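Accompanying notes for the structure given below.
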Amino acid sequence: FCIRAGCVAPHSLLDSYGLEPHPRLHLHRITHRHSTLAGLEYRIRLFNLIQEARRRGRIPLLFSRRLDYAAWFLRWRRRLQLDVMLIHEWHFVSSANAMESGNRLAAGRLAREEAAVLQSADGHVVVSEALKKYLERRWSPRSPLCVVPNGAPMTDVANGVSATGNQHPF
């Protein structure tokens with residue numbers, strides 16, 4: 001389970017999803033020292049963590065919030081036949097934002113990345129029911145999309161109940 005530098009502490013991250021610490025869950029923060037090499041450093045560190053986990057007999061899980069890194073990782077997972085699960089968290093639709101700003105070229109590239117992630121990721125977390133419906137209608141994801149609303153009371157999320165009262169599938 002990898003989180004980027006600068007985000008909340010691992011225990012706070014678990015709390016925000018209503019999860020308890022588990023002895024077999026190991027969180028790793030991926031950091032980088034040079035902003036110009038951030039993407040390269042991230043990728044090298046990620047592959048090193050995957051190799052380390054596999055040597056120890058663990059099954060790595062990557063939790064992503066960055067569409068570009070998720071799409072990149074899924075391409076390499078397929079090419080290298082890596083036994084690593086990827087869960088992607090969706091807060092917005094990047095291609096729609098690019099289209100609204102008039103950047104058709106970026107919108108097309110982002111739409112291809114969104115489609116690839118929705119078809120290849122092992123799971124998805126979305127922050128609203130409306131976003132879930134939009135993604136399902138536009139791309140027909142292979143894996144289920146689970147709604148965990150921003151600002152939801154953690155007791156409800158931990159009990160599997162969304163802000164709308166619906167039961168989560170996890």
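Both backbone and side-chain heavy atoms feed into the values below; hydrogens, waters and symmetry mates do not. What you see is a predicted model, and the numbers here were worked out from it, not measured in a lab.
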Checklist entry - Where is the tightest heavy-atom contact between Ser64 and Ala70, given as atom of each residue plus distance? => result OG-CB, 3.5 Å
Next on the checklist: With side-chain contact (heavy atoms from CB on, under 4.5 Å) as the criterion, how do Leu131 and Leu135 come out once you've worked through the C-alpha distance, each side chain's angles and the decisive distance to 0.1 Å?
Outcome noted: CA-CA 6 Å; Leu131 180 56; Leu135 293 172; 4.1 Å; yes
Item to check | Non-hydrogen atoms of Val84 and Leu62 that approach each other most closely | outcome: CG1-N, 4.4 Å
Checklist entry - Under the 3.5 angstrom rule, does the side chain of Glu114 hit a backbone N or O of Ser94 as a donor-acceptor pair? => result yes
Checklist entry - Distance only, no hydrogens: is a donor on one side chain within 3.5 Å (strictly under) of an acceptor on the other, for Ser95 and Arg138? => result yes
Checklist entry - Does CZ belonging to Arg142 count more than 12 external heavy atoms closer than 6.0 Å? => result yes
Checklist entry - Met85 versus Pro60: any side-chain heavy-atom pair under 4.5 Å? => result no
Checklist entry - Below 4.5 Å, heavy atoms only, C-beta onward: do Glu113 and Arg109 meet side chain to side chain? => result yes
Checklist entry - Does the side chain of Val117 come within less than 4.5 Å of Leu67's, by heavy atoms? => result yes
Checklist entry - Between Leu61 and Leu86, which heavy-atom pair has the shortest distance, and what is it? => result CD1-N, 4.4 Å
Next on the checklist: Ring centres under 6.0 Å, that's the criterion: do Tyr69 and Trp76 meet it?
Outcome noted: no
Item to check | Where Ala116 and Leu74 come nearest, the two heavy atoms and their spacing | outcome: O-CD1, 4.2 Å
Checklist entry - Is there any side-chain hydrogen bond (donor to acceptor under 3.5 Å, both in side chains) pair reaching into residues 115-128, and which pairs are they, with sequence neighbours excluded? => result Arg77-Asp122, Trp90-His124
Checklist entry - Roughly how far, to the nearest 0.5 Å, is CD of Gln51 from CG of Leu46? => result 10.5 Å
Next on the checklist: Quick check: closest heavy atoms across Lys132 and Leu145, and the distance to 0.1 Å?
Outcome noted: CE-O, 3.4 Å
Checklist outcome for this item: Interatomic distance, CD@Glu136 vs CG@Leu118, rounded to 0.5 Å, equals 9.5 Å
Item to check | Stacked cation flag Arg137 on Tyr134, 6.0 angstrom / 45 deg | outcome: no
Item to check | Main-chain N/O of Gly108 paired to Arg112 side chain as donor or acceptor, under 3.5 Å | outcome: yes
Item to check | Interatomic spacing from CD in Glu89 to SG in Cys146 - rounded to 0.5 Å | outcome: 11.5 Å
